[in-house]
Each structure stands twice: as C-alpha cells, then as structure tokens.
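Inspection log for the structure reproduced underneath, given as structure tokens.
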Amino acid sequence: PQIPLVPANTHCLTGDSRICDHCDEFLYDTYEVEAKYILSEDRQSYRLEMEVDSSSYYSGERVILPAFYREGEDAEYLPVVSAHISGKKVASAELPQTLQEISVDSGSGLQTITVARESRFFKDIDGVLFDATGETLILYPEGRRDEKYEVPAGVKEIGEGAFSGKDFLQEVVLPSGLEKIGGSAFSYSERLRSVTGTFEELGAGAFYGCQSLESVPAMPETIYASTFDGCSNLKNVDFSRTKTIGAYAFRHCIALKEADLSGVRTIGNYAFYECSALESATLSDGLQSIGEGVFSDCLRLKSVGIPDGVKTIGDYAFYRCFALESVALPDGLQSIGRNAFEKCSALKSVIFPDGVKMIGEYAFSGCSSLKNVIFSGIAETGEYVFSECGALTDVVFVDGMKEISPYSFRSCVSLKSVALPEGVERYRERRVFRLYCAGKRRVFRQRKDDRNQCVLRLFRFEEHRVSRRPGRSR
C-alpha cells in the first residue's frame, strides 16, 4: 500500500536524530536514551524499542515517541505502530496517533501518559492509558503517587497487568458495570489494601502477591489459578456466586479463617495450601473430588464436612492439618490418595465406608492421636499407610481386604489387636508389623475370636538384634 504523506503537525524522525523533522522539537535525550527502530517483516511500519540509561543523571522529564520514522533522507517515512519502553527514569510519555501497541517495563517510574488527539487506538484520562473507546483501562502508570484511584464510569474491563507492581496505590474503587478484571491486573501491588465495587470475571493471578490486600468484592462464578496467591492479609472472601476455584487460587492466604464453599463444585490442586489460619471449610454437596493438596498445611483446620458426592480425596489433600480432630468420610468415597491425612496429629478415629477400595501410601502416617481404625470393604492399601501412629491400639478389617501392604503399621508402638478378614490372602508379619519399642520387637500371635474371626494379638516382646555378615560394613 502507498504510504500517506506525513501531516505537518506530526512528530517524525530521521536516522539517529532526536529532533523532529517538522517542528525541530527535541523528542528525547540523544545520549541518555537508546532508541532502536525495527522494520516490520512487510516493510510497512516500525517497532520502537526505547531504553533509558538508569545509571545516568537523566532527569526524565518527558519522552515523545515519533509517529513516523525513516532511516535516511532518501527513505520513505513509515509509521511507528509498536513501542516498548524500559529503564528507570521515564517520568512521562507522549504517544503518537500511529501507535497501536505499547508496553512498559516495571520499574520505569512512569508517572503520566498522554496520547495524541488524532489517535484511533488509545486515549488518556488524567494521565492513565485507555483504549480509544474509554471502556478498557490499559495501563496505570506505576510512578503515580496517589494512594486512591477511582476507575472512571463507563469502564468495562481492566486489562492484563494494568495495575501490576504499583508501589503507592492502596485503594481502588471500581465502577458499576465493570465486566472483567484481566489476568495479573493488580499483581505485586504490595501496598494495595482494598478493592471495592463489582465485576463479573476475574483473570488468573489478578491479585497475585498483593500481600496487604484485606478485602475484595464478592467473587465471580470462576476463580482462576493463583488469583489470590500470596495475599497474606486477606481475611474474608464471599464465595456465594462461585462454582469453580482454580489451582493455587488462595495459596499462602495465611489470614483467611473460614471458607464457605457450599456452592463450589470444583476445587483445583493446592487451592488453599498453607492457609495456616483457616479453621473451618464448608464443602458443596455437588463436589465430586477434593484435589491434590487442597487443604495441605492448613495448620488450624479443625473440622471439615466431606459431602456424600465426593468420590476421591487427592494426594496430600489434608497433609499436616495438625488441628484436624475428626473426619466423616462419605458413603460414596472410593479412594484416598497418598499422604492425604499424613501428620494430622489431632485425628483420633477413622471409619471407612464400604465404598472405599484404595488407600494410598502414607495416607494416615504420623497421625499420633489416632486410636481406632475400622475398615470395611477395602481391597488395597499402600505401604506405610498407618505407620508411626503411636496411639493406635486396635484395628478391625471387616471384609474385602486381600492383602496388607508392607510396613502398614510400622512403629505403631501401642498396637495390641488387629482383626483380620477371612479373605485376606497375604501379609508378612515382620514387614507389616515392624514394631520396635525400647529396643525390643513386638510379636503377634494369630488366634480366633468369639466370632471365629482371625485376630492378631500382642503376644510378647523379644530382644531385637541385627545380625551382619562378616566383612560387611555398617
């Protein structure tokens, strides 16, 4: 296509010059700003990559981006349609009418943005960059020192990364009618404390790393991955509209005390990982699975009601929930993942419903307060499943068990009785009940109880010695 003539009131540059060919205005410092113009593949436009020397004493009063550029006096002017600004001393930037794309590195210190009136792509409102319609907020300059910002009426979307890494912003007021907050929109704005208003969609990582954030509006139907990851001061969240929570969505939210998830049907892996103040969680009847590590390291979680619809409990789902005292496993449960309840040191009893067929390795290892376990219909367990349960005294296998895995009850030093089902096909006493106390091994004797069920009862202690072959090192 034929390149149009450059308007007389438009900034344009030639070669290495920093002075406008039309008005002789100085656009940016010759020595402190490095500007590279990259010709597009179709040779019809330029991309400007501008870097301000952060080691210099450049005042950074303003940078003007040219609308047109040519390599030499014999070349044609071509529009500058894309630009990237980096460095640490850019105080203000003026964008030309030809620019269609703009990106600014964090740490630039940019305080204000202005856009040429003739632009069909952008507009500025009080130094903040919007699309031409004013319906999408694209970039809030990170160098602005305002503590509060009210998003103008009529804005429907906050773009990806629009408020990311803002050092001074503490409060944002959203307008009515806002539809979407883009991914990473407020990420790493570490002083942001409050966001008020409403929205319908919230992008992944929207508030990632906002460690001062205390309150947010009611959540939308879907909360994507890592949306509030690292919001260590977030205390209350309204999940009344939420159906889906993505992976790591509330990881490290260490001030969150309760979560009413009664309407949530899907919870992603590690969604509430290390929410160390979380005391209670209410789950939805429509929930079918509890994913990997969902409540892992929730150190104060005391109770959680698992709905009847849940069929699987994932690996590490309740790992190191030290305060968890009781768990009512639903009738529809089919499997419990490895390490699912490991080190739940306050857990006292577990009754497994008939539907559970598989319990993964280490699932209840280190549950030091667990005293009684009743199995019903379980066909398989992983190794070390109840190892180091120091308070465990009695275990009852009702039926269905085919094999007791190695080390299932290792170091259960209080174990006195194990009732085996008739169908058990294989177990090795020394591997399953590898129990030592004060240097002595616990020996079990197999007997029949009043109901003719096979029972292993503590018979005696015997000295335990480890023999080594001559010539072998320890």
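- Residues meeting the side chain to side chain donor-acceptor pair (under 3.5 Å) test with Asp124, sequence neighbours left out: none.
- Atom CZ in Arg410 sits 10.0 Å away from atom OG in Ser365 (nearest 0.5 Å).
- Rounding to the nearest 0.5 angstrom, the gap separating the OG1 atom in Thr136 from the CD atom in Glu179 is 9.0 Å.
- Side-chain atoms of Asp308 do not come within 3.5 Å of backbone N or O of Pro330 as any donor-acceptor pair.
- Note that the CZ atom of Phe26 and the SG atom of Cys20 stand 12.5 Å from one another [nearest 0.5 Å].
- In this structure, Asn236 has no side chain to side chain donor-acceptor pair (under 3.5 Å) partners at least two apart in sequence or on a different chain.
- Under the side chain to side chain contact (heavy atoms under 4.5 Å, CB included) criterion, Gln288 pairs with no residue, sequence neighbours left out.
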Tabulate below the donor-acceptor pairs under 3.5 Å that side-chain atoms of residues 253-265 make, not counting sequence neighbours, or state none.
residue	atom	partner	partner atom	Å
Asp260	OD1	Ser262	N	3.2
Asp260	OD1	Ser262	OG	2.9

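- Interatomic distance, Glu71 CD to Tyr69 OH, rounded to the nearest 0.5 Å: 6.0 Å.
- At least one donor-acceptor pair under 3.5 Å links the side chain of Ser284 to the backbone N or O of Gly286.
- For the residue pair Leu299 and Arg320, the shortest heavy atom distance occurs at CD2-O, 3.4 Å.
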Side-chain atoms of residues 191-210: list all donor-acceptor pairs with protein atoms under 3.5 Å, sequence neighbours left out, distances to 0.1 Å.
none

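- With respect to the salt-bridge test (charged N to carboxylate O, under 4.0 angstrom), the residues Arg43 and Glu41 do not qualify.
- Contact detail for Pro141 and Lys166: the closest heavy-atom pair is C-CE, 3.9 Å.
- In this structure, the ring-ring contact (aromatic ring centres under 6.0 Å, His included) partners of Phe250, at least two apart in sequence or on a different chain, are Phe228, Phe239, Phe272.
- For the atom pair CD1 of Ile313 and CG of Asp315, the computed distance is 11.5 Å after rounding to the nearest 0.5 Å.
- Under the 30°/60° scheme for interplanar angles, the aromatic rings of Phe352 and Phe364 are found to stand perpendicular.
- Between Pro96 and Pro66, the shortest heavy-atom contact is CG-O, 3.5 Å.
- Without hydrogens or angle criteria, Ser187 side chain to Ser184 main chain gives a donor-acceptor distance under 3.5 Å.
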